Every structure is written in C-alpha cells, then in structure tokens.
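For ligands, and for the atoms within them, numbers begin at 1 and follow the listed sequence. FYI, side chains are in, hydrogens and waters are out, and symmetry mates aren't considered; it's all heavy atoms of this structure. This structure is a prediction, so every number in the text was calculated from the model and none was measured.
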Amino acid sequence: MSHDLFEAARDAMVHAHAPYSKFPVGAAIRADDDKIYTGANIENISFPQGWCAEPTAISLMIMGGARRIVEMAVIAEKMPLCPPCGGCRQKISEFASKDTKIYLCDEVGVKKTMTMEELLPASFETEVLG
Ligand SMILES: [Zn+2]
C-alpha cells in the first residue's frame with residue numbers, strides 16, 4: 001500500500017474529539033477521484049449521538065464529490081488493531097466493493113489487510129451504487 005493512506009489516517013486521529021472514551025480513532029479513504037479523505041471520531045456527551053472516524057471520512061468524501069472508496073485505512077491510538085465496528089462496516093460497504101481493501105493499522109503502519117467481503121460477508125446490499 002499506500003503508505004500515504006496510513007499516514008493520513010494517523011494524522012487525522014489527532015483531530016479526534018474523544019473526551020469521554022479517550023479513544024482517538026482516525027480513518028483515511030482513497031476515493032475514486034484519487035483524493036484522500038480523512039476523518040476522526042467525534043463524540044458527544046449524549047453518547048449515542050457521537051460517531052466513528054469512518055463516517056466522518058465518508059461524509060467528507062461525499063461532500064467532496066467522490067462516490068466510491070478505492071481503499072481505506074483505520075487506526076486507533078490505544079488498540080493494536082482497530083477493525084471498523086459493525087455499523088461502520090455497513091456504512092463503508094455502501095461505497096465500496098467486495099474486494100475493496102481495508103488496512104488495519106497501528107501507530108507504525110499497516111498490521112493487517114482485509115477485504116470488505118471479509119469484514120462484512122453476506123452484507124445487506126443495494127445495487128443502486130453499483
Ligand atoms: Zn464505527
């Protein structure tokens with residue numbers, strides 16, 4: 001990969017707003033427009049109202065005009081690996097393909113590479129976005 005994607009995710013993690021969990025997470029997407037979109041988790045004192053790093057990055061990708069995730073990196077400060085949570089797997093799959101690579105990183109680099117199919121087999125699908 002894609003060293004730049006890992007670095008972008010790590011840099012994004014700095015912007016996390018995680019005063020409650022104290023658990024910063026960063027994500028970076030390489031989109032179909034060849035740009036990198038990043039995100040961090042943004043928590044709220046009303047806990048269910050916060051959101052993960054992945055949807056932040058997806059939001060920026062969509063608002064930037066891109067529509068497909070080519071590859072994605074996720075990193076968390078306090079975890080050796082940070083696989084996307086269940087909800088995020090569904091959110092990512094909406095804009096990814098079964099063979100889209102998701103890089104699970106630690107603070108040094110990519111520790112594990114998984115495809116979307118491996119992360120979310122038998123996913124709830126729509127053909128709308130192809
Ligand atoms: Zn999540």
Are the side chain of [X] and the backbone N or O of [Y] linked by a donor-acceptor pair below 3.5 Å?
X: Q90; Y: F124; answer: yes
X: N41; Y: A16; answer: no
X: R68; Y: A31; answer: no
X: D106; Y: K111; answer: no

> Listing by chain and number, what protein N/O/S atoms are under 2.8 Å from the Zn ion (ligand 1)?
Replying inline: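 You should have found C52 SG, C85 SG, C88 SG.
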
>> Please list all pairs meeting side chain to side chain donor-acceptor pair (under 3.5 Å) that have one or both residues in residues 8-28, counting only residues at least two apart or in different chains.
In response: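 Residue pairs passing side chain to side chain donor-acceptor pair (under 3.5 Å), neighbours aside: S21-E43.
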
> Salt bridge between K101 and E71, side-chain N to carboxylate O under 4.0 Å?
Replying inline: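 Here K101 does not pair with E71 in a salt bridge, since their nearest N and O are not under 4.0 Å apart.
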
